[in-house]
Amino acid sequence: MPERLDKFLASQNLGSRKEVTLLVRSGAVTVNGLAAADAARKIDPEADQIAVNGQIVQYRKYLYLMMNKPAGVLSATEDRREKTVLDLLPPELYRRGLFPAGRLDKDTTGLLLITDDGELAHRMLAPKSHVYKLYEAQTLRPVTEADILAFRSGVSQGGQSFAPARLWTEKRTWGEAAMVEIREGKFHQVKRMFQAVGNQVLSLKRLKIGGLWLDQALPAGGVRLLEEAEILSIFDGELYENRPLNLDFIKNP
Ligand code: URA
């Protein structure tokens with residue numbers, strides 16, 4: 001669909017509307033090899049080749065960002081009082097229309113996807129898509145075999161029931177991490193599932209969505225663009241239903 005050159009350049013994170021207008025006026029922008037004089041002229045992002053200072057602008061219809069969410073910020077687009085994940089975006093990655101696809105609690109850390117592609121977010125979050133999210137939790141008391149079996153058959157808390165989930169433990173330098181995989185995204189779900197078995201989550205971090213892992217190189221609050229293959233990997237996580245339940249680690253610690 002044709003759109004104004006200045007709007008296109010701003011949408012590709014090349015500056016504000018004012019800045020890109022100046023860029024066009026300076027003669028730095030070409031459309032199909034010819035200098036563009038008018039920032040308001042129409043171009044077709046899918047058909048025309050736009051370059052800035054000789055560098056071709058790779059057209060991104062949507063933006064897909066991975067954030068390592070720190071504790072203490074809201075998974076929201078704006079808030080009058082508190083800092084949101086969008087406030088953490090560097091200006092060169094900010095675009096109107098971005099939102100966090102799926103929420104993490106204020107005190108939850110880890111993998112958060114930020115995009116302006118509503119369709120992808122909807123597909124990722126729909127329970128029928130079976131996109132599993134993997135969380136690492138620190139819990140008040142150690143995970144037991146009974147907890148694993150309870151999660152496996154589905155627990156209920158506060159009148160709400162949760163779909164079967166896989167629970168196991170992994171060794172960390174700080175102790176034993178409880179690993180939980182869920183495909184729903186109900187309010188405070190992981191915390192409430194542990195409450196349902198008489199335990200308590202002390203800290204929670206999301207490590208994986210579908211087949212997409214949190215980039216370990218991203219510091220807390222860090223954000224980067226996702227590659228196309230990474231976006232696709234969200235939908236090719238291994239199917240939970242096909243995996244056997246393994247209790248060996250509890251029987252032979
Ligand atoms: N479950 C929770 O309890 N909190 C989160 O932030 C995510 C999943």
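Numbering of ligands and ligand atoms starts at 1, following listing order. For clarity, every value in this text was computed on a predicted model and none was experimentally measured.
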Exercise. Shared ILVMFWY cluster between Leu212 and Leu218, side chains joined below 4.5 angstrom?
Worked result: yes
Exercise. Should we say atom CZ of Arg103 is surrounded by more than 12 heavy atoms from elsewhere, each under 6.0 Å from it?
Worked result: no
For this session: Return yes or no for this condition: an N or O of Lys191 is under 3.5 Å from an N or O of ligand 1.
Result: yes
Exercise. Which of the atoms of ligand 1 are close to Thr108, meaning less than 4.0 Å from one of its heavy atoms?
Worked result: 4 (N), 5 (C), 6 (O)
Exercise. Which atoms of ligand 1 are found less than 4.0 Å from any heavy atom of Tyr135?
Worked result: 7 (C), 8 (C)
Problem set entry | N or O contact, Arg192 vs ligand 1, cut-off under 3.5 Å | no
Problem set entry | N/O donor-acceptor pair under 3.5 Å between Thr84 side chain and Leu74 backbone | no
For this session: Name the closest protein heavy atom to atom 4 (N) of ligand 1, giving the residue it belongs to and the distance to 0.1 Å.
Result: Asp105 OD2, 2.7 Å
Problem set entry | Per-residue contact class, Ile182 against ligand 1 - non-hydrogen pairs under 4.0 Å | neither
Exercise. side-chain contact (heavy atoms from CB on, under 4.5 Å) with Leu63: which of Leu98, Asp117, Leu89?
Worked result: Leu98
Problem set entry | Glu230/Arg224 ion pair, N-O < 4.0 Å | yes
Exercise. Between Val190 and ligand 1, does any nitrogen or oxygen pair lie at a separation below 3.5 Å?
Worked result: yes
Exercise. What do you reckon, is CD of Glu228 surrounded by more than 12 foreign heavy atoms closer than 6.0 Å?
Worked result: no
